[in-house]
Amino acid sequence: MIIRKNEYPQYLQLLKKNPEFKDFTSEEFAVIQNKMRVRSYPKGQLLFNQADPRANFYFLAKGLLKTERTDESGNEFFYEFINETKGFPYRGMFHDHDYSYSVTGMTATEIISIPMADFESLLMKNKKMMRNVILEMGQIINENENQLQLMVNSSASSRVRNGLKVLGQSIGKPGADGTRLIPYPITLIELSQISGTTRETASQVVKELVAGGQITYERKYFTLLNN
């Protein structure tokens, strides 16, 4: 659903408060406001496919997204989450003509889009913003490498445990008591996809972790306990 333009100022303010956008000038924000579009999407909506033309830069105003890549054999695998108030895609900036992964909503979302050519043109003229992009790309690379280290394991049960750890690190919210709540519903099928294993294995490991007092899993919400 398209968000009405009279609501755009609140979304522009969200961009201005975000570190990824904070060094754009007033004149550059005026260009962004003129070029941007805001839409809401239901859970499960495919935003774009891998290899689609890289037409837009996006900013997730509300919700949670997941990205997936397909290898040369046609096998799909989990890539990463995109959190609320984050821009994407940074991969392929100034270089790629197509998106390098597909993006799907894990929840209902609100997303700001800016034509990629306009966004890259603004970056080329603003050295502070270019530095912000480089720092953000470096952070994404670090997170992906850490996630890869956790998930490269021959044991399916260990991959499920590490998959939960990845969820906690990437999208979990810390509690005052040392727990970490994953504030979005995650099904056992989604956990198995993240872990590269079967639903049956994911279910068994979750039962073991619940019984051992390491996690809770209620109404599809995980809480990682401080044990």
Side-chain angles (χ1 to χ4, degrees), residues 1-69 79-144 170-171 173 183-184:
M1 182 178 72
I2 298 175
I3 304 294
R4 292 177 298 179
K5 287 195 173 184
N6 62 3
E7 298 181 45
Y8 279 19
Q10 64 178 319
Y11 292 96
L12 190 67
Q13 288 303 312
L14 182 62
L15 293 179
K16 288 181 177 180
K17 292 177 182 178
N18 191 276
E20 292 179 56
F21 284 76
K22 65 181 178 65
D23 288 320
F24 277 129
T25 66
S26 298
E27 291 77 12
E28 288 164 341
F29 271 118
V31 173
I32 290 172
Q33 184 171 11
N34 182 54
K35 296 288 186 177
M36 74 184 201
R37 298 292 181 267
V38 187
R39 291 178 172 83
S40 63
Y41 299 93
K43 178 181 178 180
Q45 175 69 47
L46 178 69
L47 184 62
F48 56 77
N49 252 322
Q50 182 178 338
D52 281 351
R54 197 166 165 274
N56 292 304
F57 185 83
Y58 296 95
F59 182 85
L60 180 59
K62 184 177 180 181
L64 179 70
L65 298 164
K66 69 175 179 179
T67 71
E68 291 175 316
R69 281 178 56 83
Y79 189 58
E80 66 177 349
F81 287 110
I82 299 173
N83 279 312
E84 213 164 79
T85 68
K86 285 292 184 180
F88 65 97
Y90 284 102
R91 181 167 178 162
M93 189 73 72
F94 303 107
H95 181 267
D96 290 354
H97 297 290
D98 302 323
Y99 293 116
S100 59
Y101 50 72
S102 62
V103 174
T104 307
M106 291 197 70
T107 66
T109 57
E110 292 181 3
I111 300 175
I112 301 168
S113 65
I114 305 165
M116 185 64 75
D118 293 307
F119 187 70
E120 290 179 341
S121 176
L122 290 171
L123 292 178
M124 291 291 289
K125 300 172 184 176
N126 187 319
K127 291 183 179 180
K128 287 184 177 180
M129 276 302 306
M130 186 69 79
R131 178 178 180 274
N132 291 346
V133 165
I134 293 171
L135 291 173
E136 186 65 24
M137 292 173 72
Q139 181 63 30
I140 290 170
I141 291 170
N142 287 338
E143 290 174 356
N144 289 343
S170 60
I171 61 175
K173 304 295 183 185
Y184 303 100

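Atoms considered below: every heavy atom in the structure, side chains included; atoms not considered: hydrogens, waters and symmetry mates.
In this structure, CE in Met129 is found 8.0 Å from CD in Glu20, a value given to the nearest 0.5 Å. To the nearest 0.5 angstrom, Thr25 atom OG1 is 10.5 Å from Lys128 atom NZ. Here the straight-line distance linking atom OG of Ser40 with atom CE of Met1 works out to 3.5 Å at 0.5 Å rounding. Here the CZ atom belonging to Phe59 is positioned 9.0 Å from the CD atom belonging to Glu84, to the nearest 0.5 angstrom. Distance check, rounded to the nearest 0.5 Å: CD1 of Ile114 to OH of Tyr58 gives 11.0 Å. Residue Leu65 holds its CG atom at 5.5 Å from OG1 of Thr109, rounded to the nearest 0.5 Å.
Side chain to side chain, Tyr101 and Glu80 fail the donor-acceptor criterion of an N or O pair below 3.5 Å.
For the pair Asp96 (side chain) and Arg91 (backbone), a donor-acceptor distance under 3.5 Å is absent. Using a distance-only test at 3.5 Å, with no hydrogens or angles considered, a donor-acceptor pair links the side chain of Glu120 to the main chain of Phe94. Between the Asn83 side chain and the Ser170 main chain, a donor and an acceptor come within less than 3.5 Å of each other. Although no hydrogens or angles enter the test, the distance criterion places a donor-acceptor pair under 3.5 Å between the side chain of Tyr8 and the main chain of Val38.
When every heavy atom of Pro53 is checked against every heavy atom of Asp98, the shortest pair comes out as CA-OD1, 3.8 Å. Taking each heavy atom of Leu14 and Ala61 in turn, the nearest pair found is CD2-CB, 3.7 Å. Of all non-hydrogen atoms in Leu60 and Ile111, the two that sit nearest each other are CD1-CG1, 3.8 Å. For the residue pair Leu64 and Thr107, the shortest heavy atom distance occurs at N-OG1, 3.0 Å. Scanning all heavy atoms of the two residues, the minimum distance from Met116 to Pro89 falls at CE-CD, 4.1 Å. Across Pro9 and Gln33, no two heavy atoms sit closer than the pair CG-NE2, 4.2 Å.
Between Lys125 and Glu27 there is no salt bridge, since no side-chain nitrogen of the basic residue lies less than 4.0 Å from a carboxylate oxygen of the acidic one.
At most 12 heavy atoms of other shown residues, nucleotides or ligands fall within 6.0 angstrom of atom CE in Met124.
Considering only residues two or more places apart in sequence or on other chains, Phe57 meets the ring-ring contact (aromatic ring centres under 6.0 Å, His included) condition with Tyr90, Phe119. When the side-chain contact (heavy atoms from CB on, under 4.5 Å) test is applied to Gln13, the partners found at least two apart in sequence or on another chain are Lys16.
The salt bridge (charged side-chain N to carboxylate O under 4.0 Å, His left out) analysis of residues 37-49, with sequence neighbours excluded, yields no pairs.
Using a 4.5 Å cut-off on side-chain heavy atoms (C-beta onward), Leu123 and Met130 make contact. At least one side-chain heavy atom of Met36 sits under 4.5 Å from a side-chain heavy atom of Tyr11. Proximity of Phe81 to Lys66: side-chain heavy atoms (C-beta onward) are separated by under 4.5 Å at one or more points. Using a 4.5 Å heavy-atom threshold, the side chains of Leu47 and Phe88 count as touching.
Between Phe21 and Phe24, the two ring planes are tilted [angle within 30° to 60°].
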